[in-house]
2 protein chains.
Amino acid sequence: MSAKTVEQRLNDYLVTGSKAERRIATFMLASIAELPFDTAASISKRIGVSEPTVGRFCRTLGYQNFKALKEDLQHDIGGGPWLLGDRLKEFHDRNKTGEDEPGRGLELEIASLVRIYELARTEQWARAVKKIARDRQVFIAGFQTERGLAHYFAHQLQYLRPNVHLVDIAGGNFSEALLNGEKSTALVIFEARRYSRLSESLAKSAKSRGIPLTLITDAYCDWGHDLADEMFVVRTEFDMFWDSTAHMANLSNLLINSVFKELGPQVEERLNAVTRLHGDFIGYVGEAARQDTKS
Amino acid sequence: MSAKTVEQRLNDYLVTGSKAERRIATFMLASIAELPFDTAASISKRIGVSEPTVGRFCRTLGYQNFKALKEDLQHDIGGGPWLLGDRLKEFHDRNKTGEDEPGRGLELEIASLVRIYELARTEQWARAVKKIARDRQVFIAGFQTERGLAHYFAHQLQYLRPNVHLVDIAGGNFSEALLNGEKSTALVIFEARRYSRLSESLAKSAKSRGIPLTLITDAYCDWGHDLADEMFVVRTEFDMFWDSTAHMANLSNLLINSVFKELGPQVEERLNAVTRLHGDFIGYVGEAARQDTKS
DNA sequence: TGTATTTTGTAATTTAAATTTCAGTTTGAC
DNA sequence: GTCAAACTGAAATTTAAATTACAAAATACA
């Protein structure tokens with residue numbers, strides 16, 4: 001259904017449409033950013049056409065109604081697909097034509113990525129990066145499904161700095177792991193709704209010990225604000241049969257990248273040392289484990 | 001009416017509010033850019049509170065209802081771009097003007113996602129899904145950095161079907177793990193350049209035993225084509241200081257979703273059983289670990 | 001100009017969203 | 001532990017939004 005963006009469709013009707021259609025199209029284009037706050041009724045009143053006409057116009061554009069138009073607007077990346085251009089559009093089309101459709105998901109994932117990159121510019125991001133880069137000890141935690149993500153993050157961080165620990169529940173009481181007497185300790189937790197309670201209790205015991213917490217979670221975590229110093233909320237709903245925490249991995253890597261930048265060139269030495277060490281035991285394919293440092 | 005912005009008001013209730021209020025506030029803050037497209041009802045459903053509670057909360061904040069809150073949002077978001085298309089554009093532009101520079105990476109990541117969704121429609125994807133869903137035994141492997149990803153994938157797959165094993169190198173020779181006499185065995189490997197040699201040798205020994213291999217890797221894997229039955233290549237270069245394999249997690253979840261669809265509704269029973277089991281041991285937060293099955 | 005076609009608005013209907021009432025539950029003070 | 005106050009959800013009601021049916025107006029064009 002949707003080869004074109006809302007904007008493009010509207011443009012088509014600026015010329016070819018009937019009088020009322022042109023009026024509606026003009027108005028919508030002029031205030032496209034406010035459309036989500038409007039209704040078919042509010043628009044019709046403002047520009048002096050009847051409400052059904054607005055509805056009909058939306059249908060002419062290919063939407064079921066004004067609400068459907070708004071939804072499309074929500075995921076519309078606009079004139080944006082600069083570098084992916086036709087590939088994305090083509091994909092978008094093919095799947096909106098309705099055959100099978102794992103396509104709404106893609107739009108949602110893109111929106112989530114944008115959000116993550118926005119987070120990376122916040123003040124709290126900078127704060128978290130500084131801690132993760134500089135604090136003497138860093139503990140990483142994640143339970144159930146998120147354990148893999150914690151492991152992934154920890155492993156990469158270990159290339160950049162020493163004293164990175166993956167928190168383990170094995171002992172039954174992980175808080176002891178944190179009770180290491182160090183003043184300068186940071187804790188990072190990967191957490192998602194509906195999974196375990198462990199995260200919350202770990203967070204509590206961290207707070208009681210004065211250990212600052214960076215929490216990576218979803219939009220359903222209602223205890224995070226009390227306990228976390230920084231809280232990064234990623235999207236988890238991508239039109240899949242259950243929530244996906246995969247974007248925590250995307251955030252992770254962006255975070256790792258920021259930590260790298262924070263540490264600066266001095267980190268290279270460690271990077272090489274760790275790479276060599278792994279190589280001794282496991283057998284690398286030969287090249288360095290990293291690319292040339294561009295940043 | 002607006003001494004404070006919506007955001008500020010919400011922040012006030014993150015800590016002081018009641019449980020439902022905190023939940024609502026958390027959610028609204030996390031998805032403030034999508035709020036205009038929501039209704040009180042849609043929000044209440046997603047976060048598991050009743051519709052009237054959302055309405056009441058808006059009133060507590062000083063608005064007549066959710067709609068009034070949205071209107072205020074329209075005003076105090078004011079300057080900044082909030083439509084997805086505009087936000088993307090902002091990144092693109094800022095990146096061009098060159099001030100600070102995390103912007104190119106976003107475009108690359110989006111392109112990579114598009115590619116992954118394209119992969120999901122290929123014939124080899126369907127083949128891999130069928131095997132992962134139906135074969136008697138499934139082994140998942142990943143070493144070094146990719147071990148976390150393998151763990152992540154395996155853990156989720158375990159919700160959907162039995163006999164999922166994370167391949168462990170601990171014994172020194174994992175091929176024994178695969179030597180289980182089963183005819184119907186599948187192997188999935190997460191692999192990235194420059195890390196370990198283990199993947200290749202595991203793949204070889206799988207091939208010699210006639211075990212089909214699904215390989216998730218980067219563009220630099222030169223042995224995959226010979227040894228893998230299906231090979232999914234994800235992008236790893238996102239303008240970061242080293243390659244990121246995070247998109248393997250995105251692919252993972254799409255794969256899991258496909259497996260779910262392949263298995264059909266019959267899988268629900270297992271899903272609930274596993275969820276309950278985890279709950280018994282660890283203590284879930286109460287709700288089911290999954291959403292309603294839409295697909 | 002007259003007629004067929006398209007476009008549009010009015011009023012009634014249907015559908016969706018928000019609100020009220022009230023009863024059950026939780027929370028916190030004692 | 002007990003009780004009052006505050007909080008929350010289910011069901012019913014009200015209100016707002018969108019759609020339909022149909023008639024009036026505008027337009028195209030012979």
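Sequence lines set the chain letters: A, B, ... in the order given, protein chains first and strands last, and positions in each chain run from 1. As the structure is a computational prediction, the values presented were derived from the model and not from experiment.
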Original post:
A:Trp242 vs B:Tyr159 aromatic rings, parallel, tilted or perpendicular, using cut-offs 30° and 60°?
Top reply: perpendicular

Subject >> Euclidean distance, atom CG of residue B:Leu69 to atom P of C:dT19 [Å, nearest integer] >> reply: 12 Å

Original post:
Which residue pairs pass the side-chain hydrogen bond (donor to acceptor under 3.5 Å, both in side chains) test when at least one of the two sits in residues 51-60 of chain A, sequence neighbours left out?
Top reply: A:Ser50-A:Thr53

**OP:** For A:Phe27, check ring pair (Phe, Tyr, Trp, His ring centres under 6.0 Å) against everything at least two apart and list the hits.
**Re:** none

Subject >> Nearest-angstrom distance from the residue atom OH of A:Tyr13 to P of C:dT6 >> reply: 14 Å

**OP:** Could you tell me whether A:Glu118 and A:Arg115 have a side-chain N and a carboxylate O separated by less than 4.0 Å?
**Re:** yes

Original post:
Rounded to the Å, how far apart are B:Arg22 CZ and D:dT8 C1'?
Top reply: 14 Å

Original post:
Going by an N to O cut-off under 4.0 Å, is there a salt bridge joining B:Glu90 and A:Arg121?
Top reply: yes

Original post:
What about A:His247 and A:Phe238, are their ring centers closer than 6.0 Å?
Top reply: yes

**OP:** Verify the contact: side-chain N or O of B:Thr53 to OP1 or OP2 of D:dG9, cut-off strictly under 4.0 Å; return yes or no.
**Re:** yes

**OP:** Quickly work out the B:Phe57 CZ to D:dA6 P distance and round it to whole Å.
**Re:** 18 Å

Original post:
Under 3.5 Å, is there a donor-acceptor pair between the B:Tyr63 and B:Arg9 side chains?
Top reply: yes

Original post:
With the threshold set at 4.0 Å, does a side-chain nitrogen-carboxylate oxygen contact exist between A:Glu237 and B:Arg46?
Top reply: yes

**OP:** Considering only NZ, NE, NH1 and NH2 on the basic side and carboxylate oxygens on the acidic side, decide whether B:Lys67 and B:Glu71 come within less than 4.0 Å.
**Re:** no

When you compare the protein's N or O atoms with those of nucleotides 16-23 of chain D, which come within less than 3.5 Å of each other, and at what distance?
unit_1	atom_1	unit_2	atom_2	d
D:dA17	OP1	B:Lys67	NZ	2.5
D:dA18	OP2	A:Ala40	N	2.9
D:dA18	N7	A:Glu51	OE2	3.0
D:dT19	OP1	A:Asn65	ND2	2.8
D:dT20	OP2	A:Arg59	NH1	3.0
D:dT20	OP2	A:Arg59	NH2	3.4

Subject >> Atom-to-atom span, CD1 of B:Ile47 to C1' of D:dT8 - whole angstrom >> reply: 13 Å

Original post:
Taking five pairs at each end, how big is the angle between the two axes of the helix from C:dT1-D:dA30 to C:dC30-D:dG1, to 10°?
Top reply: 40°

Original post:
Hey, what do you get for NZ (B:Lys261) to CE (A:Met240), rounding to the nearest 0.5 Å?
Top reply: 9.0 Å

Listed pairs, N/O of protein and of nucleotides 25-30 of chain C, under 3.5 Å:
none

Original post:
When we call it a touch if two heavy atoms are under 4.0 Å apart, what does A:Gly48 touch: a base, just sugar-phosphate, or nothing?
Top reply: sugar-phosphate

**OP:** Have a look at A:Val49 and say if it touches a base, only the backbone sugar-phosphate, or nothing, with a 4.0 Å heavy-atom cut-off.
**Re:** sugar-phosphate

Subject >> Partner residues of B:Arg161 under the side chain to side chain donor-acceptor pair (under 3.5 Å) criterion, sequence neighbours left out >> reply: none

